[in-house]
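In what follows, every heavy atom counts, from backbone to side chain, and hydrogens, waters and symmetry copies are set aside.
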Amino acid sequence: EYFQPDEGTPAVTITSFLQDKKNNIWFATNGEGIYYFSNGHLYLIDTANGLSDLHIRTMALADNGDVLAATDQGINVIKYSDAKKRVEVIGPKNGLPDYYVTAITPVGDNIFWIGMQEKGFCLYDHSTGKITVPAATTTWDYGQVNALLVAQKSLWIATEENGLLK
């Protein structure tokens, strides 16, 4: 069945989607921001709502229901409750090593691995806001991180230019 809400659908690439704890369906786009489908209606979150960038690479759901969005301008945290939306931006001034975020992977306990275009990866604790930069990334020369996976007691890192790291 083709999804055709009254509000229409994005005219650009959909890059990621997730379902939140309230059963809303969220999807990210490459150029229009983030949409969510709730109670039969489609809503848009864009720069007018505080997004730092409309190009969303991927999203992840925090334990408290916040949506974390990877953008070319940092991590955008969408706080949503009772149809009220608020966006907070996490960037270099908050300790993020690179503006361009390419991957967000949950570890557990509201902690996420963050992949970046030029600065490798870091660990973000959504409960405290703390960003931890592993020593291995201080001289990162493996190129852009495209994806991260926590498996077999290791962090697997898919890179743009140098294959797979573990």
Side-chain angles (χ1 to χ4, degrees), residues 3 5 7 9-10 14-117 119-134 137 145-158:
F3 179 65
E7 300 82 6
T9 58
I14 296 173
T15 57
S16 176
F17 59 96
L18 60 80
Q19 181 176 354
D20 68 18
K21 295 175 183 179
K22 297 177 183 176
N23 291 323
N24 298 316
I25 303 297
W26 295 72
F27 48 99
T29 70
N30 189 19
E32 292 182 11
I34 299 171
Y35 289 85
Y36 67 97
F37 188 67
S38 177
N39 297 319
H41 296 283
L42 189 64
Y43 300 93
L44 173 64
I45 300 173
D46 59 14
T47 53
N49 304 107
L51 280 184
S52 63
D53 191 4
L54 297 177
H55 300 276
I56 314 298
R57 303 277 297 198
T58 191
M59 298 181 297
L61 188 63
D63 292 349
N64 65 351
D66 290 350
V67 174
L68 309 181
T71 78
D72 296 357
Q73 295 297 315
I75 301 167
N76 284 227
V77 180
I78 298 98
K79 297 178 177 289
Y80 169 82
S81 64
D82 300 323
K84 294 180 184 174
K85 305 171 287 245
R86 188 167 50 104
V87 179
E88 295 175 3
V89 180
I90 300 168
K93 70 178 182 177
N94 309 99
L96 192 66
D98 190 352
Y99 275 109
Y100 198 119
V101 178
T102 57
I104 302 176
T105 299
V107 177
D109 296 325
N110 227 19
I111 298 172
F112 300 84
W113 282 111
I114 306 297
M116 295 166 286
Q117 183 179 42
K119 304 288 185 173
F121 58 96
C122 65
L123 201 57
Y124 169 63
D125 185 329
H126 188 61
S127 297
T128 65
K130 181 179 178 184
I131 295 172
T132 304
V133 181
T137 64
V145 172
N146 288 334
L148 299 163
L149 173 69
V150 177
Q152 302 173 347
K153 299 181 183 179
S154 295
L155 176 63
W156 294 75
I157 305 166

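- Here the straight-line distance linking atom NZ of Lys22 with atom OG of Ser38 works out to 8.5 Å at 0.5 Å rounding.
- Between Arg57 and Asn146 there is a side-chain heavy-atom pair separated by less than 4.5 Å.
- Around the NZ atom of Lys130, the shell of radius 6.0 Å holds no more than 12 heavy atoms that belong to other residues, nucleotides or ligands.
- Looking only at distances, no side-chain donor or acceptor of Ser52 sits under 3.5 Å from a matching main-chain atom of Val89.
- Judged by distance alone, the side chain of Thr137 and the main-chain N or O of Gly120 form no donor-acceptor pair under 3.5 Å.
- Residue Phe17 qualifies as open at atom CZ: its count of foreign heavy atoms under 6.0 Å is 12 or below.
- Partner of Tyr124 under the side-chain contact (heavy atoms from CB on, under 4.5 Å) criterion, chosen from Leu96, Ile111, Thr132, Ile114: Ile114.
- When each of Asp20, Asp66, Val67 is checked for a side-chain contact (heavy atoms from CB on, under 4.5 Å) with Ile78, only Val67 meets the rule.
- Taken to the nearest 0.5 Å, the CH2 atom of Trp26 stands 12.5 Å off from the CD atom of Gln19.
- The line from NZ of Lys21 to CG of Asn64 is 7.0 Å long, rounded to the nearest 0.5 Å.
- Ring-plane geometry between Tyr36 and Tyr80 is classed as perpendicular, the angle between the planes exceeding 60 degrees on a 0 to 90 degree scale with a lower cut at 30.
- To the nearest 0.5 Å, atoms NE2 (His55) and OG1 (Thr15) are separated by 10.5 Å.
- The NZ atom of Lys93 sits 8.0 Å away from the OH atom of Tyr99 when rounded to the nearest 0.5 Å.
- Separation of atoms CG (Asn76) and CG (Leu51) is listed at 5.0 Å; rounding is to 0.5 Å.
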Checklist line | Stepwise side chain to side chain contact (heavy atoms under 4.5 Å, CB included) test for Trp113 and Leu123 | finding: CA-CA 5 Å; Trp113 282 111; Leu123 201 57; 3.4 Å; yes
Next item on the list: Mind running side chain to side chain contact (heavy atoms under 4.5 Å, CB included) on Thr105 and Leu149 for me, showing each step along the way?
Entry: CA-CA 7 Å; Thr105 299; Leu149 173 69; 5.8 Å; no
